Amino acid sequence: MAVLTDTFELNNGTKIPKVGFGTWQIPDGAEAYNSVLTALKQGYRHIDTAKAYGNEKSVGKAIRDSGIARKDIFVTSKLPAAIKDRDGVLQAFNETFNDLDIGYLDLYIIHAPWPWGDIGSNHDKGNIEAWKAMEEIYKTGKVKAIGVSNFNVHDLENILKDAEITPAIDQIQYYVGFTEPKITKFCKEHGIQVEAYSPLATGDMKSNSTLKELADKYSVSIPQLALRFVIQNDVLPLPKATHEAHIKANKQLDFEISAEDMKTLNALPDTAPTHFHNETQG
Ligand SMILES: NC(=O)c1ccc[n+]([C@@H]2O[C@H](COP(=O)([O-])OP(=O)(O)OC[C@H]3O[C@@H](n4cnc5c(N)ncnc54)[C@H](OP(=O)(O)O)[C@@H]3O)[C@@H](O)[C@H]2O)c1
């Protein structure tokens, strides 16, 4: 279970547990509360939510009720993608801060460089303004690190031109066969940790003979192989699960994929070809 408490170090020295627990599409109320509480009881110490998921109140309550010291849990939330002006950012953050009600956030990230209804539209100016406001929030001490999500190389270069603080994180779509090499290379060169969202392709990952063969070789399931693959690429997976069996399975990642097998996995074509792809990240 060490994998749940092992950490990556962010560019400001903050430690972040190597596996996060995703909460997208987990409805507010009992379902979000129970999933997060189960995950925490099972040893997860890193929870990923967003204002857009509408479940921050239940996520926060589960964290407060868990009995685990606040300092031992890493919590991320996200600025809604459409908000690109300073006042809007500060207001959305305050709402998130109050809804979570956990004293501080470990990480706050811009959900996307464009509104979800207009993927790929240009908001360079707005993203610079939003990033300045994120820096302002960081300086209050209410968040321990700030970052971005769904930013491609252009989006990162755009904010870095004017940034006082380099984003600590870029959270992007990333799974076996869809590993965004341009973004991950740029992030590595600039000290930005990559997080893998949808590391199981939101359940759309297809079994194929190579995945099956390698999963069998290590006596694990394909999802476990897929999560371990992400970690060994120095990327941080954020699996989401509501079923307790999945929550338990996804923490059993203390095995090592050989360098040769990592090479094979890194060369695989998209393992979820029918899945929604964020085309702006190529
Ligand atoms: N920044 C962004 O724009 C963005 C976008 C998408 C996602 N995210 C983050 O990334 C997280 C994960 O991505 P995701 O929600 O797209 O999904 P995912 O983690 O790729 O896949 C979740 C699906 O896989 C199933 N599953 C989980 N573990 C399994 C296992 N061991 N065996 C078989 N099936 C398993 C889940 O089932 P059950 O739920 O039924 O257990 C669910 O249907 C999100 O929850 C969110 O926090 C961020």
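In each ligand, atom 1 is the first atom listed, and ligand 1 is the first ligand listed. Quick caveat: nothing in here was measured; it's all calculated off a predicted structure. Residue indices begin at 1 and follow the sequence shown.
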(Q) Looking at Glu189 and Lys185, is there a salt bridge between them, counting it only when a charged N and a carboxylate O are closer than 4.0 Å? (A) yes

The protein residues that pass the under-4.0 Å heavy-atom test against ligand 1 are Gly22, Thr23, Trp24, Asp48, Tyr53, Lys78, His111, Trp116, Ser149, Asn150, Gln171, Tyr197, Ser198, Pro199, Leu200, Ala201, Thr202, Gly203, Pro223, Leu238, Pro239, Lys240, Ala241, Thr242, His243, His246, Ala249, Asn250

Applying ring-ring contact (aromatic ring centres under 6.0 Å, His included) to Phe21 and not counting sequence neighbours gives Tyr44

For the residue pair Tyr53 and His111, does the interplanar ring angle fall in the parallel (under 30°), tilted (30 to 60°) or perpendicular (over 60°) class? perpendicular

When the ring planes of Tyr218 and Phe255 are compared, do they come out parallel, tilted or perpendicular, using 30° and 60° as the limits?
tilted

Of Thr23, Asp99, Val36, the one forming a side-chain contact (heavy atoms from CB on, under 4.5 Å) with Asn55 is Thr23

task: Taking the six-membered ring of Phe97 (Phe, Tyr or Trp), confirm whether the NZ or CZ of Lys142 is under 6.0 Å from its centre and within 45° of its axis.
output: yes

